[in-house]
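Inspection log for the structure reproduced underneath, given as structure tokens.
Proteins get letters first, then strands, A, B, ... in listed order; numbering begins at 1 in each.
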Amino acid sequence: MMKVEAKQMYCVFHVDVNSAYLSWEAVYRLQQGDSVDLRAISSVVGGNEADRHGIVLAKSIPAKKYGIHTGETLHSARQKCPGLMVVPPRYGLYMQCSEAMVAIMSQYAPLIQRYSIDEAFLHYQFPPGMTPGPEAEAAAVKAATRLKAQIRQELGFTVNVGIGPNKLLAKMASELRKPDQVHTLFLHEMPEKMWPLPVQELFFVGRATARKLRGYNIFTIGQLAATDPKLIHCWLKKPGLLIWQYANGLDHSRVTDEPVPVKSIGNSSTLAFDVTDRATAHQILLSLCETTAMRLRKIRRCAQVVSVTLRSDKLITCHHQRRLEVPTDVTSLIWQEACRLFDDIWQKEPLRHMGMHLSDLCSNDYYQLSLFHQHLEKHHQLDKTIDALRSRFGTRAVFRGCFSHSPIQPLMGGVLQDQEVEYPMMASYL
DNA sequence: TCTGGGGTCCTAGGACCC
DNA sequence: TCTGGGGTCCTAGGACCC
């Protein structure tokens with residue numbers, strides 16, 4: 001009997017906004033009547049240096065030519081490029097831009113998977129009657145080119161669209177050459193387009209893995225693809241097998257719009273000043289717990305593990321966690337545990353950064369039934385009331401008294417601090 | 001290199017149980 | 001306590017992504 005190989009009647013698009021934060025900022029400023037296009041000059045979106053958040057979040061292409069990298073300090077970036085323009089981020093605006101882009105994408109296919117604020121996958125079905133091959137690939141390129149043009153026309157920013165038989169190759173394709181490009185990376189194109197690239201360009205090969213691979217004389221993606229997977233597994237364990245598959249273009253994950261269940265949540269912050277006393281540290285933990293616990297309740301979950309992270313002025317990081325006897329979503333109980341963890345590990349060294357995380361999340365249904373814990377009832381009522389007030393009047397509407405004459409913000413952490421600001425909708429600036 | 005903040009997954013090693 | 005081996009749970013830390 002003849003075995004018929006099932007032909008794949010779709011391909012995947014990966015849409016990636018070019019220099020996302022910087023492009024969005026540039027378009028917004030042009031719309032506000034600014035005469036300078038940030039994309040055309042050496043510029044970066046960067047954090048606040050006074051608060052010690054001074055790193056590059058996004059860079060323009062001219063800035064990139066000076067060797068400026070995302071994540072590097074603004075201090076260092078300015079040394080490379082003395083006239084560098086630095087603008088602060090507006091996360092609320094970026095969320096809106098992201099939403100608007102996904103709305104356009106959904107005109108092209110019913111199935112879109114958001115991957116991050118500036119990246120999304122699209123499941124592209126080949127036109128009816130078309131079999132996989134050059135004709136279908138050309139149709140995909142045509143659709144992707146239209147999508148790219150529509151985003152540029154209606155929203156004012158450019159994207160790269162990568163096209164491949166799966167998510168991995170679509171993503172690799174979108175990275176090929178920027179900006180404002182459509183690239184394909186089908187299996188037959190791998191030897192030419194992907195295998196010659198340096199191994200660290202492969203998704204999931206970071207600095208540490210690339211260094212190890214170079215130690216084994218593997219410098220390109222093609223060399224990794226050609227290596228015996230047993231050897232790679234021996235060297236790099238499970239992640240090694242994954243990158244070996246990626247190097248060979250193998251990826252069986254599906255484009256899906258089902259929300260990924262949250263496994264853990266947390267907040268951390270580099271502090272504007274070094275903390276040297278226990279009371280201040282505890283207050284910062286409370287501030288971090290407030291935001292984290294609020295988010296936990298919003299997704300209707302309870303946490304079973306609480307953890308605290310400290311980073312000293314010498315940039316040494318330590319971490320401590322503990323399992324709770326009873327899962328909880330109560331701010332004050334989480335805070336109590338965080339303070340105990342802090343007291344266990346703090347050696348009195350000045351602290352530059354503090355964080356708290358909640359993991360091993362479980363359903364909060366159990367809580368609904370467990371009101372036999374009478375003493376918890378008032379905590380629940382308090383949290384519930386505060387959540388409702390903040391949701392109605394804004395997150396700054398209610399805060400604990402201990403913050404009223406304190407330099408510490410009552411709700412710390414979270415990058416979306418200006419998410420309640422409404423920005424005017426994008427329109428074409430062309 | 002004066003180093004942000006949100007996550008995920010994996011591994012090593014210790015404690016404890018049978 | 002000169003001690004085998006398998007399994008589970010837990011914590012700490014590292015690597016990766018955006």
Side-chain angles (χ1 to χ4, degrees), chain A residues 14 16-17 19-21 44-49 51-58 67-80 88-89 91 94-95 98 114-121 167-168 171-172 174-175 200-213 233 235-243 246 253 260-272 274 288 291-292 295 299 304-324 341 344-345 352-361 412-417 419:
Chain A
H14 178 252
D16 189 339
V17 180
S19 316
Y21 289 2
V44 298
V45 175
N48 182 341
E49 287 170 294
D51 293 345
R52 306 199 293 191
H53 292 234
I55 61 152
V56 174
L57 298 162
I68 293 172
H69 301 288
T70 303
E72 102 178 274
T73 58
L74 292 177
H75 176 82
S76 154
R78 278 206 196 80
Q79 288 194 322
K80 290 177 180 173
Y91 295 106
Y94 309 155
M95 285 299 295
S98 178
R114 298 188 73 153
Y115 183 68
S116 70
I117 192 165
D118 66 334
E119 292 178 37
F121 293 100
K167 282 159 62 174
L168 183 267
K171 184 159 169 59
M172 293 299 295
S174 71
E175 302 284 319
Q200 62 268 28
E201 307 257 314
L202 183 64
F203 185 65
F204 247 82
V205 176
R207 234 187 10 206
T209 307
R211 194 179 332 115
K212 282 185 202 165
L213 288 171
H233 182 243
W235 297 334
L236 303 171
K237 308 297 169 205
K238 208 169 165 181
L241 286 184
L242 185 73
I243 60 168
Y246 285 174
S253 67
V260 194
V262 178
K263 303 271 174 65
S264 72
I265 54 174
N267 275 151
S268 65
S269 182
T270 294
L271 310 164
D274 283 353
L288 293 164
T291 36
T292 309
R295 286 161 58 205
I299 60 170
Q304 305 190 81
V305 173
V306 180
S307 74
V308 164
T309 303
L310 307 179
R311 185 175 304 144
S312 73
D313 58 340
K314 305 279 190 303
L315 299 175
I316 295 164
T317 303
C318 68
H319 164 263
H320 195 35
Q321 70 176 54
R322 193 146 49 220
R323 176 165 287 270
L324 298 169
L341 288 161
D344 283 350
I345 54 168
R352 177 191 177 85
H353 172 107
M354 296 178 70
M356 71 89 38
H357 289 83
L358 301 171
S359 55
D360 219 327
L361 307 185
M412 221 160 53
V415 290
L416 301 179
Q417 288 183 353
Q419 63 190 335

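Rounded to whole angstrom, the span from the CZ atom of A:Arg52 across to the C1' atom of B:dT3 amounts to 12 Å. The CZ-C1' distance, from A:Arg207 to C:dA15, rounds to 11 Å in whole Å. The distance between atom CZ of A:Phe203 and atom P of C:dC17, rounded to the nearest whole Å, is 7 Å. Between A:His357 atom NE2 and C:dT11 atom C1' the separation is 16 Å, expressed in whole Å. In this structure, A:Glu119 places its CD atom 19 Å from P of B:dG6, rounding to the nearest Å. As a whole-Å value, the separation of A:Met356 CE from B:dG5 P is 15 Å. Atoms NZ (A:Lys237) and P (B:dG13) sit 11 Å apart, rounded to a whole Å. Computed from coordinates, the A:Leu213 CG to C:dA15 P distance equals 13 Å when rounded to whole Å.
At the phosphate of B:dG6, OP1 or OP2 sits under 4.0 Å from a side-chain N or O atom of A:Asn267. The phosphate of B:dG4 has OP1 or OP2 within less than 4.0 Å of a side-chain N or O from A:Arg352. For the pair A:Arg322 and C:dC10, the criterion of a side-chain N or O lying under 4.0 Å from OP1 or OP2 is not met. At B:dC10, one or more side-chain N or O atoms of A:Lys238 fall inside 4.0 Å of OP1 or OP2 (strictly under the cut-off). Close to B:dG5, at under 4.0 Å from its OP1 or OP2, lies a side-chain N or O of A:Ser269. For A:Arg211 and C:dA15, the shortest distance from a side-chain N or O to OP1 or OP2 is not below 4.0 Å. Between A:His75 and the phosphate of B:dT1, there is no side-chain N or O to OP1/OP2 separation shorter than 4.0 Å. The side chain of A:Lys212 contributes no N or O atom lying less than 4.0 Å from OP1 or OP2 of C:dC16. Contact between the side-chain N/O atoms of A:Ser76 and the OP1/OP2 oxygens of B:dC2 is not found at any separation under 4.0 Å. Contact between the side-chain N/O atoms of A:Thr270 and the OP1/OP2 oxygens of B:dT3 is not found at any separation under 4.0 Å. The shortest distance between the side-chain N/O atoms of A:His320 and the OP1/OP2 oxygens of C:dT11 is not below 4.0 Å.
Among the heavy atoms of the strands lying under 4.0 Å from A:Arg311 are primed sugar atoms or P, OP1, OP2 only; no base atom is included. Residue contacts for A:Thr317: at a heavy-atom cut-off of 4.0 Å it reaches no nucleic acid atom on any strand shown. Using a 4.0 Å heavy-atom cutoff across all strands shown, A:Gly355 reaches no nucleic acid atom at all. Residue A:Val205 is classed as a sugar-phosphate contact, given heavy-atom separations below 4.0 Å to backbone atoms only. When heavy atoms are screened at a 4.0 angstrom cut-off, A:Gly206 is found touching the sugar-phosphate backbone but no base atom.
The residues A:Asp274 and A:Arg311 are annotated as not salt-bridged, no charged nitrogen and carboxylate oxygen being separated by less than 4.0 angstrom. Contact check on A:Arg78 versus A:Glu72 returns no salt bridge, with no Lys/Arg side-chain nitrogen under 4.0 Å from an Asp/Glu carboxylate oxygen. Look at A:Asp344 and A:Arg322 and you find a salt bridge, because one of the NZ, NE, NH1 or NH2 atoms lies within 4.0 Å of a carboxylate O, short of that distance.
Between the side chain of A:Ser98 and the backbone N or O of A:Ile117, at least one donor-acceptor pair lies under 3.5 Å.
For DNA chain C, if you chain together Watson-Crick or G-U pairs that step i with j, i+1 with j-1 and so on, the runs of at least three with distances under 3.5 Å are B:5-18 with C:5-18.
Out of B:dT3, C:dC10, B:dT11, the shortest distance to the side chain of A:Leu315 is found at B:dT3. Among the nucleotides B:dC9, C:dC18, C:dC16, the one closest to the side chain of A:Lys171 is C:dC18.
C:dG4 and B:dC16: their C1' atoms are spaced 16 Å apart (whole Å).
Place A:Ser264 and A:Leu271 on DNA chain B by their nearest nucleotides, and A:Leu271 ends up nearer the 5' end.
Of the residues in residues 67-74 of chain A, none has a non-hydrogen atom less than 4.0 angstrom from any atom of DNA chain C.
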